[in-house]
Amino acid sequence: MSQSIAAAADAPRYNFREAEPRWQHAWAERGCFRVADVPTDNKPKYYVLEMFPYPSGNIHIGHMRNYVMGDVVARYKRARGFTVLHPMGWDAFGLPAENAARERGIHPAKWTWDNIAAMRAELQRIGLSLEWEREFATCDPAYYGHQQKLFLDLWRAGLAERKESWVNWDPVDGTVLANEQVIDGRGWRSGAPVERKQLSQWFLKITAYAEELLDALRTLDRWPERVKLMQERWIGRSEGARVQFALAEKVGDIAQVEVYTTRPDTLFGMSFLALAPEHPLSAAVAARDPKAAAFVAECRRMGTSEAVIETAEKQGYDTGVRVRHPFLPNVSFPVWIANFVLMEYGTGAIFGCPGHDQRDVEFARKYGLTVTPVVLPPRADPATFAIDDEAYVGPGTIFNSGFLDGLDVEAAKRAAIAELQRLGMGRGEVNWRLRDWGVSRQRGWGCPIPMIRCAACGMVPVPEDQLPVTLPDDAQFDRPGNPLDHHPTWKHVACPQCGAPAQRETDTFDTFVDSSWYFARFCSPRAAAPVERDAVDHWLPVDQYIGGIEHAILHLLYSRFFVRAMKRTGYLNVEEPFAGLFTQGMVTHESYRSAPGPNGTWLYPDEVVRQPDGNAVHRTTGEPVVIGRVEAMSKSKRNTVAPEPIIARYGADTARCYIMSDNPPDRDMEWTEAGVAGAFRFTQRVFRLIENTGAATSSEGTSDAALALRRVTHRTIAAVTEALDSFAFNVAVARLYELANALSDAERSADAPGLGAARREAAEVLARLIAPMMPHLAEEAYKSLYPGSDRLVAELAWPEADPDLLAADTVTIAVQVMGKLRGTINVPPDAPRDANLAAARADSNVARALEGKRIVKEIYVPNRIVNFVVAG
RNA sequence: GCGGUCGUGGCGGAAUGGUAGACGCGCAAGCUUGAGGUGCUUGUGGGGGUAACCCCGUGGAAGUUCGAGUCUUCUCGACCGCACCA
């Protein structure tokens with residue numbers, strides 16, 4: 001025993017610094033991860049993709065966690081017999097490159113390509129099973145030229161259009177923002193309060209697919225429920241009615257106002273009508289009423305930001321105009337302009353029913369408008385029921401409502417709509433919260449929109465033989481605004497139709513366009529067309545997509561739209577881009593400050609040393625350090641850990657192992673030095689165990705010890721397989737620890753017949769099962785078992801569990817009395833019920849618990865449990 | 001406000017309605033070592049007992065069940081998303 005321990009301690013250490021690059025080289029040389037655009041093998045396909053990175057300059061731990069998860073899946077599926085597509089590229093357009101250009105005078109292209117080179121090298125050191133031959137960057141004309149072609153096809157198909165619209169304007173970035181890019185009324189990047197502004201912009205008609213995008217969510221059974229819910233709410237279907245309200249007298253040439261409502265059943269509870277400040281009638285009133293004009297201007301200045309901050313503060317202006325009630329021609333109501341009415345939703349006008357809408361009651365109470373309840377809650381008394389400051393929005397019976405009286409809410413909705421239709425004053429309507437996708441950006445580092453504005457011909461598409469429209473090499477980024485617009489020559493071209501001097505569109509696409517179809521381009525990245533039909537037909541949809549929850553709405557919804565648009569334009573024929581979606585959690589870390597509160601400066605983890613007592617001090621000064629919260633890694637709090645030094649110190653496999661083993665992949669993971677060290681010990685231990693097994697020999701035959709080890713080995717195969725199938729990477733690693741422990745125990749037991757062979761089998765299985773998580777170590781360990789072989793684990797099939805060895809020779813049955821565990825019995829599997837019950841009763845502890853009691857029922861679950869229900 | 005997720009040892013976490021705490025970290029004792037940020041052994045939910053064992057225990061309360069961490073209802077707490085959507 002002591003001899004083998006000594007041997008273990010003296011065994012050479014696994015030299016990952018030498019081994020990891022060597023195996024990476026071997027995989028590349030063999031082309032282990034290369035597949036054809038249109039494979040001719042008969043193996044099933046599997047497309048695994050991680051959300052491609054923005055080339056910011058460095059790979060961070062969050063990236064690494066993302067790509068390692070994808071790599072585990074890719075390597076596992078490959079071993080399971082799939083032909084696996086696993087590409088990587090760069091989401092390379094974006095603002096940081098322009099900022100670098102502005103601040104440091106580097107051209108965005110150089111900055112971006114330099115970052116890509118650095119990050120590619122970092123990724124390669126992780127040992128990911130990526131097919132680098134497919135790599136591309138979206139800032140390459142070889143990519144974005146195809147995007148321009150796609151856009152022109154969408155435009156011809158009526159899925160792209162130019163329209164005047166109210167936009168969210170970021171005054172700091174000087175650009176338009178999509179609704180999705182406005183967070184709490186502020187620009188998602190600049191953080192500046194967003195203003196309302198009317199501009200002519202390019203839009204992609206995602207609303208044309210609103211219903212389909214919503215309905216198809218039901219088919220995405222391998223998507224997280226919460227992502228689907230977020231999309232469902234974002235698309236925002238509502239059923240209601242469009243109602244026309246005639247003005248008592250015309251304002252300008254406006255004679256009526258249209259309203260959208262989900263509560264036509266409460267029309268008799270109306271007490272006012274409210275308009276959005278941007279509504280045409282508001283403008284018409286403002287044109288003749290300076291006070292109204294001032295109110296409208298005030299609303300616009302507040303933009304969306306103030307409105308959010310002062311959610312409770314509703315403000316309105318009584319225009320003096322009145323509208324007639326559709327069902328009560330002799331009754332009219334005041335028309336207000338109100339800051340809480342949104343022009344973008346519905347018709348930009350609402351009818352106010354304070355009794356049954358919380359916003360309306362707040363508005364009515366503030367301005368002294370009438371409140372008439374029309375829905376009577378169950379068991380309420382119609383004579384006394386009243387609304388104070390709380391609207392009643394529950395179910396009930398309609399009253400105070402003429403022909404609707406006595407109906408329940410749903411029946412009244414139908415009846416009201418029918419009556420509106422009969423009167424020609426309205427109709428039922430489905431409304432959507434989703435708006436069209438504004439894709440124009442006033443930026444110089446993005447894909448040019450391939451359109452030309454001609455004074456005579458209007459908007460003219462760039463002829464396809466002139467694609468790609470490339471960015472100028474000499475754009476100047478040293479002043480605010482759009483560099484393409486400033487450029488002396490770039491935008492000046494002849495109109496393709498009439499030849500007259502014309503101007504290019506100087507806006508570029510929202511970068512979300514770039515990432516909305518890259519997964520399709522990966523199928524045939526060098527094709528002369530945007531995609532090669534055979535390739536996308538073969539590979540799409542992506543079988544497993546992995547990325548951050550922050551893209552739950554924007555990127556995923558846009559991609560879902562793009563697949564539909566590309567299907568309509570004949571590029572592909574799938575319904576959805578991503579059949580399976582997995583959203584991984586963030587990587588967090590403790591934060592450190594030199595002193596409590598605002599006096600303390602943030603310290604990097606490298607500067608801090610933890611003391612045995614749990615306190616921390618500064619590495620060089622020895623000053624005490626304040627340990628702060630565990631939170632998302634961020635540059636400002638300096639609580640970041642870079643993969644590079646970790647890999648240099650412990651090796652890629654150790655980092656990979658730690659990342660996968662620490663906790664479930666969809667939860668946030670706290671990065672700790674102790675955790676990495678633990679994983680490092682495991683990698684070294686696995687190597688030593690397998691190395692030591694290489695020479696193990698023993699007598700022929702078999703023994704209990706050998707059989708036991710073989711059982712553990714095969715159970716581990718089954719358990720790891722199941723864990724990997726269900727994304728339970730942490731459980732998979734735990735099972736590998738168990739196998740390593742069993743192998744370690746066997747190493748120390750006396751030689752028994754067949755044990756040497758069982759150890760070799762366990763060692764080989766261990767080497768192959770760790771491969772998805774720790775691929776370099778797997779190769780090195782396998783090589784030590786088969787020194788003469790040139791097979792790579794990366795090319796081997798997944799081990800198969802032997803069913804005979806999965807079946808136990810004895811099972812442990814728990815014996816309960818009244819549901820409480822009183823003992824266990826070890827019996828042969830599938831033993832007869834009576835024998836097991838007898839054995840259970842015979843257990844001394846069980847017998848004691850049963851003493852003096854009468855058994856009234858015996859619960860028996862074969863191979864699992866016995867439960868005696870007793871009385872007395 | 002609306003919607004959702006999650007509450008299990010000191011910590012990360014396991015657990016098809018069937019032996020709660022696998023596996024790891026940490027900790028403790030011991031062995032190895034010139035040394036230990038090494039290797040190894042044993043122990044480690046709480047309480048009681050020399051022990052065999054017993055009692056308690058998955059945020060809280062109730063329910064369904066022979067049996068609940070798991071299912072149902074309510075409740076408390078943490079986190080996330082959306083938010084004047086008519």
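Side-chain atoms are counted along with the backbone in the values below, which use heavy atoms only and exclude waters and symmetry mates. Here is how names work: the chains are called A, B, and so on, in the same order as the sequence lines, proteins then strands, and each is numbered from 1. Small disclaimer: the values here were computed from a predicted structure and weren't measured.
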Problem - Atom C1', compared across B:G12 and B:G3: separation rounded to whole Å - result: 29 Å

Handout entry: Distance between C1' atoms of B:U16 and B:G10 (Å, rounded)
Key =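 So the two C1' atoms sit 31 Å from each other.
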
Exercise for the section: Answer with base, sugar-phosphate or nothing: what part of the nucleic acid does A:N845 contact at a heavy-atom distance below 4.0 Å? Expected result: sugar-phosphate

Exercise for the section: May I ask you to say what A:L342 touches in the nucleic acid, namely base, sugar-phosphate or nothing, with a heavy-atom cut-off under 4.0 Å? Expected result: base

Is the shortest side-chain N/O distance from [X] to OP1 or OP2 of [N] below 4.0 Å?
X	N	answer
A:R359	B:C85	yes
A:Y345	B:A86	yes
A:R685	B:G24	no
A:R433	B:C82	no
A:K820	B:C56	yes
A:K857	B:C66	yes

Could you write out each protein N or O paired with an N or O of nucleotides 12-19 of chain B at a distance under 3.5 Å?
{"from": "B:G12", "atom 1": "O2'", "to": "A:D662", "atom 2": "O", "distance (Å)": "2.7"}
{"from": "B:G13", "atom 1": "O3'", "to": "A:N730", "atom 2": "ND2", "distance (Å)": "3.3"}
{"from": "B:A14", "atom 1": "OP1", "to": "A:N730", "atom 2": "ND2", "distance (Å)": "3.4"}
{"from": "B:U16", "atom 1": "O4", "to": "A:R864", "atom 2": "NE", "distance (Å)": "2.6"}
{"from": "B:U16", "atom 1": "O4", "to": "A:R864", "atom 2": "NH2", "distance (Å)": "2.8"}
{"from": "B:G18", "atom 1": "N2", "to": "A:Q816", "atom 2": "OE1", "distance (Å)": "3.4"}

Problem - Given RNA chain B, 5'-ward residue of the pair A:R848 and A:W432, judged by closest heavy atom - result: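 Going by which nucleotide is closer to the 5' end, it is A:R848.
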
Completion exercise
Considering only heavy side-chain atoms of A:E673, the closest of B:C84, B:G37, B:C55 is B:G37

Exercise for the section: Could you verify whether a donor N or O on one side chain and an acceptor N or O on the other, from A:S238 and A:Y260, lie under 3.5 Å apart? Expected result: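 Yes, because at least one side-chain N or O of A:S238 sits under 3.5 Å from a partner of the opposite role on A:Y260.
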
Exercise for the section: Answer with yes or no whether the side chains of A:R848 and A:N845 bring together a donor and an acceptor at under 3.5 Å. Expected result: yes

Problem - Distance-only donor-acceptor test, A:R233 side-chain atoms vs B:C2 base atoms, 3.5 Å - result: yes

Practice task
Any side chain to side chain donor-acceptor pair (under 3.5 Å) involving residues 728-741 of chain A? Give me the pairs, sequence neighbours left out, ordered by first then second residue.
Solution key: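 Only A:R685-A:N741, A:R735-A:E738 qualify under side chain to side chain donor-acceptor pair (under 3.5 Å).
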
